[in-house]
There are 4 protein chains.
Amino acid sequence: MSEKTKSIPSLVKDPELVKVRRNQIIQAAMDLFVQKGFHKTTTREIARESGIGIGTLYEYIQSKEDVLYLVCDHIHSEVEQKLDEEMTHGRTGRETLVNSIGDFFRIMDQMQDSVLLIYQEMKSLPNEMLHYVLAKEELITSRFERILERGIEDGSLSLQPGYVKLTAHNIVVLGEMWAFRRWALSRHYSLEEYISHQTALVLHEMKSGR
Amino acid sequence: MSEKTKSIPSLVKDPELVKVRRNQIIQAAMDLFVQKGFHKTTTREIARESGIGIGTLYEYIQSKEDVLYLVCDHIHSEVEQKLDEEMTHGRTGRETLVNSIGDFFRIMDQMQDSVLLIYQEMKSLPNEMLHYVLAKEELITSRFERILERGIEDGSLSLQPGYVKLTAHNIVVLGEMWAFRRWALSRHYSLEEYISHQTALVLHEMKSGR
Amino acid sequence: MSEKTKSIPSLVKDPELVKVRRNQIIQAAMDLFVQKGFHKTTTREIARESGIGIGTLYEYIQSKEDVLYLVCDHIHSEVEQKLDEEMTHGRTGRETLVNSIGDFFRIMDQMQDSVLLIYQEMKSLPNEMLHYVLAKEELITSRFERILERGIEDGSLSLQPGYVKLTAHNIVVLGEMWAFRRWALSRHYSLEEYISHQTALVLHEMKSGR
Amino acid sequence: MSEKTKSIPSLVKDPELVKVRRNQIIQAAMDLFVQKGFHKTTTREIARESGIGIGTLYEYIQSKEDVLYLVCDHIHSEVEQKLDEEMTHGRTGRETLVNSIGDFFRIMDQMQDSVLLIYQEMKSLPNEMLHYVLAKEELITSRFERILERGIEDGSLSLQPGYVKLTAHNIVVLGEMWAFRRWALSRHYSLEEYISHQTALVLHEMKSGR
DNA sequence: TATGAATGAGTATTCATTCAT
DNA sequence: GATGAATGAATACTCATTCAT
């Protein structure tokens with residue numbers, strides 16, 4: 001499902017074991033990064049929370065930034081996996097879009113901490129890793145582009161082709177907005193209200209068939 | 001213009017001098033935070049770039065977080081000041097809204113570094129300071145709320161009162177989006193294209209009988 | 001050939017295998033110590049370069065210092081072995097001395113890296129091991145003592161018995177000097193020039209037969 | 001007297017203070033390096049023994065290698081200073097040489113720990129610093145070159161010009177040999193015996209018509 | 001006998017903050 | 001008010017050694 005992922009070198013050779021231990025590390029680090037942020041989390045804390053020694057931690061990564069990358073990559077994979085599981089197809093592109101927006105927003109609601117984490121800590125990644133993470137972000141946007149294009153093709157959505165990309169970005173950002181403006185929004189709107197209103201907003205400009 | 005601002009204690013008593021020195025500090029710190037991020041900037045660097053000694057720096061602040069707060073507060077003030085200067089009133093609420101969206105988005109374009117800075121470093125603020133910063137953020141949103149309300153009153157905008165707040169947040173987030181998704185958007189759209197399309201998006205749902 | 005050698009305990013019982021594996025270890029470690037020095041070489045590197053696992057390495061030694069000792073001991077053995085092979089006897093003690101100095105200096109030339117290694121890393125040996133290594137160093141010196149004594153006996157060299165030891169040390173140090181002052185000497189003198197001049201120096205004070 | 005010295009950057013601006021503190025550091029580090037070697041000495045030990053905090057230490061140096069360089073440079077300066085003070089001129093070049101060899105060897109005797117230190121730890125210096133240290137070593141050798149040349153000029157020493165350099169190196173190495181072979185030599189010879197014998201050795205090959 | 005995953009004590013270095021001048 | 005030398009707690013990362021398989 002994932003396009004390309006930077007592989008982080010490990011001193012340990014058994015790939016099964018690497019997968020297991022790295023999952024421990026990712027879970028521990030994600031919790032800590034959410035609570036205290038990347039810079040205020042120490043490698044020792046990550047090790048302790050992972051249930052391994054600090055030396056062992058460094059058998060599976062090469063630097064603290066590697067952990068951040070692993071976490072970001074995991075979050076994107078989780079988003080994509082959830083989208084794969086839940087993204088329900090409708091008969092028309094328009095129906096698919098409506099369903100997908102709801103699905104995506106609900107995922108953003110579940111994963112709000114992770115979304116915030118990526119927004120706030122991404123810039124701490126070394127340049128090469130940053131590119132991989134941004135590429136994954138764009139991958140998610142492009143899912144909506146494809147849905148929009150399908151709707152244009154089947155006539156259920158009317159949108160100038162030049163604005164497909166922008167509309168897709170709008171959908172993604174409005175979804176992420178629920179995560180990073182929650183402090184203001186959730187006082188006034190429920191998730192479902194939010195979804196239905198924002199869906200309407202997006203559809204308004206694509207009135208088709210009238 | 002600013003509602004409430006946490007006052008940061010200074011050992012220096014002369015308020016004029018405090019203002020002057022703190023401006024030096026804010027300019028230096030803003031540059032550095034944009035370049036390297038809050039955590040990777042040292043207080044020594046801030047002092048040097050401010051043209052004062054490290055000891056002197058601590059005559060005007062109490063902690064490194066104070067500097068971050070000062071910077072965030074300054075950014076919000078700058079946004080507000082620019083909005084005050086440029087926000088052009090139209091005859092109707094609708095006209096005012098259209099003008100304001102353009103003005104705001106252009107400000108976001110000029111201040112993209114600052115916008116990113118706030119998004120990425122805000123969480124490093126101590127809790128109390130964070131509240132002040134979020135309050136200022138809401139202050140900006142509420143400007144759009146007021147404009148929307150005026151449009152509803154004068155009949156130029158048709159929007160359910162319950163969705164004024166959400167629409168105002170949408171406007172602000174779509175503006176900020178130009179800053180933090182610039183890596184993807186500016187490859188495909190010019191600022192003015194972006195403004196006109198997003199303005200249309202927002203207006204679509206508020207079609208009034210004119 | 002060697003007088004006394006500290007035996008390093010091994011968990012592996014088969015003495016043939018111990019000899020084989022330790023040779024692998026010595027060759028790898030010698031290369032690494034020459035390149036990077038004892039302290040900057042890791043046991044993992046030694047194992048990798050030896051073609052064995054890190055666990056296996058510790059079946060054949062007990063500590064990193066053991067490896068250093070093994071290397072130092074090997075170097076001395078190599079010097080002695082080469083001396084045995086090449087040290088050509090002349091008819092008189094004097095002739096033997098001249099031949100031997102040339103042989104020894106040529107060996108020092110071949111083994112300059114090893115000579116430097118011993119000079120620079122010897123002090124990292126635990127006390128007991130250091131004594132063994134110094135004893136081996138003295139063993140080499142004593143070869144020249146014996147030659148000198150033979151020369152005195154047969155009348156071909158005139159030297160006060162009390163200064164035999166000092167002269168032998170002089171010969172050895174002048175040989176080693178070619179290795180550790182090479183950065184300065186080789187710019188001005190060839191090996192053979194060096195040998196003939198230093199031989200002359202040593203012989204001058206032992207003009208015999210008058 | 002000293003030719004060129006690499007200047008090590010310091011965060012502290014007052015040059016008098018830098019000199020004072022660095023002397024504390026050099027004395028402490030020299031003791032520790034002699035006792036335990038460079039690699040087994042920690043920066044914290046250097047700080048403690050210098051009577052300053054670890055943070056303060058790093059106000060005066062940039063890395064542990066800087067301390068090693070400072071120490072090596074200090075040792076060479078001390079050698080040169082002592083030579084300046086004690087090197088007694090005779091009426092002829094030959095007399096000056098005899099005096100100088102004695103002076104130099106006595107200095108080597110006093111400074112044996114330092115001499116060993118340089119021989120054993122020099123290779124831990126970063127490349128650029130190593131060059132400076134080797135240049136200083138050569139500076140000492142060149143003192144003897146100059147004396148030898150004077151003796152040749154005034155006819156008190158007979159030596160082919162091409163071998164001046166080698167003879168100078170011989171003198172220096174025979175002096176240093178008293179330091180690094182002390183374990184073997186001092187059991188059999190007193191310092192003054194050593195001096196007079198080695199002086200004789202050197203002079204033998206330069207018998208002039210008187 | 002061979003292996004390599006696990007370990008944690010140990011290391012150089014940084015940096016926010018203080019305080020005497 | 002201004003300065004910058006002094007400080008030490010904190011941190012990322014290393015590496016010799018062990019031990020279960």
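All chains are named by letter (A, B, ...) in the order of the sequence lines, taking the proteins before the strands, and each is independently numbered beginning at 1. Just so you know, these numbers come straight off a predicted model, no measurement behind them.
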Partners passing salt bridge (charged side-chain N to carboxylate O under 4.0 Å, His left out) against E128(D) (at least two apart in sequence or in another chain): K6(D)
Protein-nucleotides 15-18 of chain E N/O pairs under 3.5 Å:
from	atom 1	to	atom 2	distance (Å)
dA16(E)	OP1	K64(B)	NZ	3.1
dA16(E)	OP2	T43(B)	N	2.7
dA16(E)	OP2	T43(B)	OG1	2.8
dT17(E)	OP2	Y58(B)	OH	2.7
dT17(E)	OP2	K64(B)	N	2.9

Could you state the CG-P distance from L57(D) to dG8(F), rounded to the nearest angstrom? 13 Å
Rounded off to whole Å, could you give me the CZ-to-C1' distance for the R22(A) and dA6(E) pair? 16 Å
Tell me the closest heavy-atom pair linking E65(B) and S124(B), and the distance in Å. CG-O, 3.7 Å
With the threshold set at under 4.0 Å for non-hydrogen atoms, list the residues of residues 9-18 of chain D touching DNA chain F in residue-number order. L11(D), V12(D), K13(D), L17(D)
According to the side chain to side chain donor-acceptor pair (under 3.5 Å) rule, which pairs have a member within residues 29-38 of chain D, sequence neighbours left out? K36(D)-E45(D)
Residue set satisfying side chain to side chain donor-acceptor pair (under 3.5 Å) with R21(A), at least two apart, ordered chain then number -> Q24(A)
Side-chain N or O of R21(D) versus OP1/OP2 of dA6(F): is the shortest distance under 4.0 Å? yes
Stems in DNA chain F: runs of 3 or more consecutive Watson-Crick or G-U pairs, distances under 3.5 Å? E:2-21 with F:2-21
Only counting residues at least two apart or in another chain, list the ones meeting salt bridge (charged side-chain N to carboxylate O under 4.0 Å, His left out) with E49(B). none
Who passes ring pair (Phe, Tyr, Trp, His ring centres under 6.0 Å) against F38(C), sequence neighbours left out? F33(C)
Of all residues at least two apart in sequence or in a different chain, which pass the side chain to side chain contact (heavy atoms under 4.5 Å, CB included) check with T56(C)? I52(C), Y60(C)
Salt bridge (charged side-chain N to carboxylate O under 4.0 Å, His left out) partners for K19(B), two or more places apart: none
Those residues at least two apart in sequence (or on a different chain) that pass side chain to side chain donor-acceptor pair (under 3.5 Å) with H39(D) are H39(C)
Within this structure, what is the CD1-to-P distance between I25(B) and dG1(F), rounded to whole angstrom? 14 Å
Taken in chain and number order and not counting sequence neighbours, the residues that satisfy side chain to side chain donor-acceptor pair (under 3.5 Å) with E137(D) are R181(C), H76(D)
Restricting to non-hydrogen atoms, name the atom on I46(B) and the atom on A28(B) that form the minimum distance, rounded to 0.1 Å. O-CB, 4.0 Å
R48(B) CZ to dG4(F) C1', in whole Å, measures 13 Å
At less than 4.0 Å, is any side-chain N or O atom of Y60(A) found next to OP1 or OP2 of dA5(E)? Yes or no. no
What is the distance, rounded to the nearest whole Å, between atom CD of E45(C) and atom C1' of dA16(F)? 13 Å
